[in-house]
Each structure stands twice: as structure tokens, then as C-alpha cells.
Engineer: 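Following this message is one structure expressed as C-alpha cells.
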Amino acid sequence: MAAPPRIPRGGEACSVNVEGREVRLTNLAKLFWPDLGVTKADLLQYYADVGGALVPHLTGRAMVMKRYPHGAAGDFFFMKRAPSPRPEWIRTCTIEHRSGNVIDFPIVVDLPSLLWLVNLGCIDLNPWYSRCDDTNRPDFLHFDLDPGPGAPFPRVLEVARILRETLTELRMPTFVKTSGSKGLHVYVPIRRTPLQKEVWTVAKALAFELAVRHPHVITAEYRVAKRPRGRVLVDYNQNAWGRTLASVYSIRPRPDATVSAPVSWQEVDAGVAIDDFHIGNVPARVREIGDLWAGLLEGERYDLSPLVDALKPVRKRKDPEA
DNA sequence: GGGTGTA
DNA sequence: TACACCCAACGCTTA
DNA sequence: TAAGCG
Ligand SMILES: [Mn+2]
Ligand SMILES: [Mn+2]
């Protein structure tokens, strides 16, 4: 792999040749984390450094932009439509919503398109779970583990281990990462057969099953006010159509520039912490151990169809007889 | 972050 | 020139 | 059908 490009640290703006594309980068000296002395150039350099591991996880997926043009502590706004003007080599994904709205989302396919997106003020990257060629059939089932008030991070680790046990019993491959914010994300690679809604149904059923079996540490309660204190929410609704999570290797707009970092289950057992992974140490970790989540894209994929079928209302279920 | 519209 | 303004919207829940 | 949720 080619060495990552060097991002100029000074000057207002510049044009950098990346993999044969001219990428215009702006406001390079602007402090995105004033307390850390971390600039927009540092943010771009980080993504250039981890791009080899990150880009495969984004490529071909519509991106929801969460833009922080005034830094991590500044106001942000969501944007779905790829802004114009833009380089002619930025690809888009056209998705029609049920309301009739048609949105042209940008797609990341390589390092130039990634850096173009980051330069817009995107601190974290938010890809769809499905690829653009079939936006209603996701590649993953996932579990968003959110600690509620009074739930310390080690309780999230505990819930993740419980979840892993359940998924392993079902023979599902599992991958875990810190969210970089408060919790953990567990992903299961699936064959691209069920619709997003069907994947959501499976996530919901498993979330409630877990909450019933481990009521002292897990909740799947929809209403905030009804969630018991000190529990970890299995936020199955994150599997709904059109929703996104911050990707692996995303820097989060948090005070310490923490990163959503892939971790091994051994590290979960040993006890990681959110602030173990940040803009300052993740590039070296990736150089040393590579992409712990490569198997999510390249490895075996689980066939969710039997589970989907089993959860259908009896009348609609495929009759196993005759 | 940056284009556009208004003063 | 110097500003204000805009920039998403879903599907799922319970009442 | 409306409002809460993320
Ligand atoms: Mn979360
Ligand atoms: Mn959540």
C-alpha cells in the first residue's frame, strides 16, 4: 500500500494530490479541539493514516454527513444531499424515501473521496448498513449498547460478553468495537437476503430476550422514563431503515477526540475503556495489528433467514408441512 | 464549510 | 464588504 | 393520529 499522504499543517487552504486526485483542503490550521491543540489538519492526517483500514468499511455505502465546521465543541448540522459544487469524481447514491423524497447521498470509494468528506467538517463517518446497489438489504445485524444513567462502562463490557455468548450459541460471527462515545457496538455479518425491517425484527426479539434473561443489567425499554436505572440499553431501533452508526475508526466529536476502535473479545474480557483509543494512538495501533474488523467484510456471513422466518406471524410463516 | 441572498 | 441563512428525516414506539 | 425516540 502507498504511504499515506502528508497533509500540510499551515496555510489557509491547499490542494493535495491523493492517489491521482486533486483534493482541495481548507482551514487547515483551525483548532478543532482547542484544548488538545488538535487542528483540522490533524483530523485529515488521521483519516489519511487509517484510510487503508477504514475505506473498505465505507465503500459503496451512502453516507449521512454530520458536519462540525466550527470544531468538535461547536454547533453541528446533519446533511444528506451531497453538496454542490463538488469534484466531478465524487459518486452519489440516489435513495428514494417512502415520503417520495429523493436524496443523492455522497459515497466514499477511496481516500480522496474520504478526505473530501472530512474537509466538509465531518468528524465521524456515518455509513448506511446496506450498499447502494440494494439499500433495503443490510450487510449487518448489529447491537448498539448504550449505558443508561448509573451504568458504569464495565457494565457495558459485561453485557457485551453476555450478548456474545447468546450470538455464539446461534453460531453467529461477532465483531466488537468501542463507540468512542459511551458504549460498545457489536456487529454480525449477514448474507444480504433479509430486508432491513426483518433484520430490525430479529434485533428487537434478541434484545427483549436478553432483557428478560438479565433484567438487572439489560433493558430494551423504548420509553426513556420507563428504563430502570443502571442498565445497559440494547438499542435495537438503531437497526431501522435509513439510520446509521459512527463507523469503525471514526473519531467522535468528544473532548478527548476518542475513536470508535475495533477491539478483540480478549480485550473486552481484560477490560478496555473508551479513552484507551484516540486520535493520538489509533494510527499506530492499526499499523501494528492491522484491521481487527477485516473479517466483517471478508469472512463468513450468517444466514439470518431461518430466524427471520421463525419470527414471522404464524399465518404468514412458510408452512414447514407438505 | 461554503454558497447564496440581502444590506 | 459583512452579515444572516441554509443545510435530514426516517420508522418505529406508546398515548 | 400525534408526539417521543435516537
Ligand atoms: Mn450507542
Ligand atoms: Mn443508541
Side-chain angles (χ1 to χ4, degrees), chain A residues 11-15 23-32 39-41 43-44 47 61-87 90 92-106 114-130 135-138 142-149 179 181-183 185 194-205 207-208 211 219-227 232-246 252-253 311:
Chain A
E12 252 314 89
C14 69
S15 182
V23 187
R24 178 164 181 81
L25 305 175
T26 57
N27 301 294
L28 292 168
K30 183 185 266 193
L31 283 165
F32 264 41
T39 65
K40 194 174 174 215
L43 178 69
L44 288 157
Y47 280 114
R61 303 179 192 278
M63 302 294 294
V64 174
M65 294 163 279
K66 191 179 183 188
R67 297 181 59 183
Y68 289 80
H70 312 297
D75 288 340
F76 69 89
F77 59 95
F78 288 101
M79 191 177 300
K80 295 189 173 184
R81 292 180 172 82
S84 293
R86 57 178 179 263
I90 293 294
T92 60
C93 179
T94 303
I95 301 178
E96 176 163 4
H97 297 246
R98 194 120 72 172
S99 64
N101 260 344
V102 178
I103 310 263
D104 289 329
F105 293 79
L114 173 59
L115 294 182
W116 169 81
L117 202 68
V118 173
N119 185 67
L120 293 172
C122 298
I123 292 176
D124 53 24
L125 291 313
N126 294 273
W128 279 47
Y129 314 127
S130 55
T135 54
N136 202 13
R137 293 181 204 274
H142 69 79
F143 298 87
D144 174 27
L145 304 183
D146 295 332
S179 74
S181 181
K182 294 269 166 62
H185 297 154
L195 302 174
Q196 184 74 64
K197 174 77 176 277
E198 296 172 322
V199 174
W200 171 86
T201 302
V202 171
K204 179 179 179 181
F208 277 102
T219 179
E221 169 59 47
Y222 167 73
R223 286 182 51 199
V224 172
K226 286 185 67 179
R227 282 176 204 155
V232 175
L233 172 69
V234 180
D235 185 7
Y236 60 87
N237 271 323
Q238 210 57 239
N239 285 278
W241 187 90
R243 298 179 69 167
T244 60
L245 283 176
R252 308 306 305 279
L311 289 169

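Lettering of chains follows the sequences in order, A, B, ..., and the numbering in each one begins at 1.
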Engineer: Check side-chain contact (heavy atoms from CB on, under 4.5 Å) between P83(A) and all other residues, then give those that pass, not counting sequence neighbours.
Structural biologist: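 Testing P83(A) for side-chain contact (heavy atoms from CB on, under 4.5 Å), a comparison that skips the adjacent residues, returns M65(A), R67(A), M79(A), W116(A), L120(A).
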
Engineer: Take atom C1' in dC7(C) and the same atom in dC5(D), then report the distance between them in whole Å.
Structural biologist: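 dC7(C) and dC5(D) have their C1' atoms separated by 23 Å.
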
Engineer: Hey, could you give me the NZ/CZ distance between K204(A) and F208(A), rounded to the nearest 0.5 Å?
Structural biologist: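 It comes to 5.5 Å.
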
Engineer: Respond yes when some side-chain nitrogen or oxygen of R81(A) is under 4.0 Å from OP1 or OP2 of dA9(C), and no when none is.
Structural biologist: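 Checking dA9(C) against R81(A), a side-chain N or O does come within under 4.0 Å of OP1 or OP2.
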
Engineer: May I ask you to say what K40(A) touches in the nucleic acid, namely base, sugar-phosphate or nothing, with a heavy-atom cut-off under 4.0 Å?
Structural biologist: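 Contact class for K40(A): sugar-phosphate only.
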
Engineer: Within the structure shown, what part of the strands sits under 4.0 Å from K226(A) by heavy-atom distance: base, sugar-phosphate, or nothing?
Structural biologist: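 It contacts nothing in the nucleic acid.
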
Engineer: Go through DNA chain B in 5' to 3' direction and return only the first and the last nucleotide with some atom under 4.0 Å of chain A's heavy atoms.
Structural biologist: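 Span of nucleotides near chain A: dG1(B) to dG3(B).
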
Engineer: When rounded to the nearest Å, what value does the distance between C1' atoms of dA8(C) and dG6(D) take?
Structural biologist: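 Roughly 13 Å separates the two C1' atoms.
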
Engineer: Taking only residues at least two apart or on different chains, which pairs with a member in residues 114-129 of chain A satisfy salt bridge (charged side-chain N to carboxylate O under 4.0 Å, His left out)?
Structural biologist: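 Pairs touching residues 114-129 of chain A that pass the test: D124(A)-R252(A).
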
Engineer: Y68(A): what forms a ring pair (Phe, Tyr, Trp, His ring centres under 6.0 Å) with it, not counting sequence neighbours?
Structural biologist: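 In terms of ring pair (Phe, Tyr, Trp, His ring centres under 6.0 Å), with neighbours along the sequence ignored, Y68(A) is linked to F76(A).
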
Engineer: Would you please name every residue forming a side-chain hydrogen bond (donor to acceptor under 3.5 Å, both in side chains) with Y129(A), sequence neighbours left out?
Structural biologist: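 Residues passing side-chain hydrogen bond (donor to acceptor under 3.5 Å, both in side chains) with Y129(A): H142(A).
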
Engineer: Could you tell me which residues satisfy salt bridge (charged side-chain N to carboxylate O under 4.0 Å, His left out) with R243(A), sequence neighbours excluded, listed by chain and number?
Structural biologist: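 In terms of salt bridge (charged side-chain N to carboxylate O under 4.0 Å, His left out), with neighbours along the sequence ignored, R243(A) is linked to no residue.
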
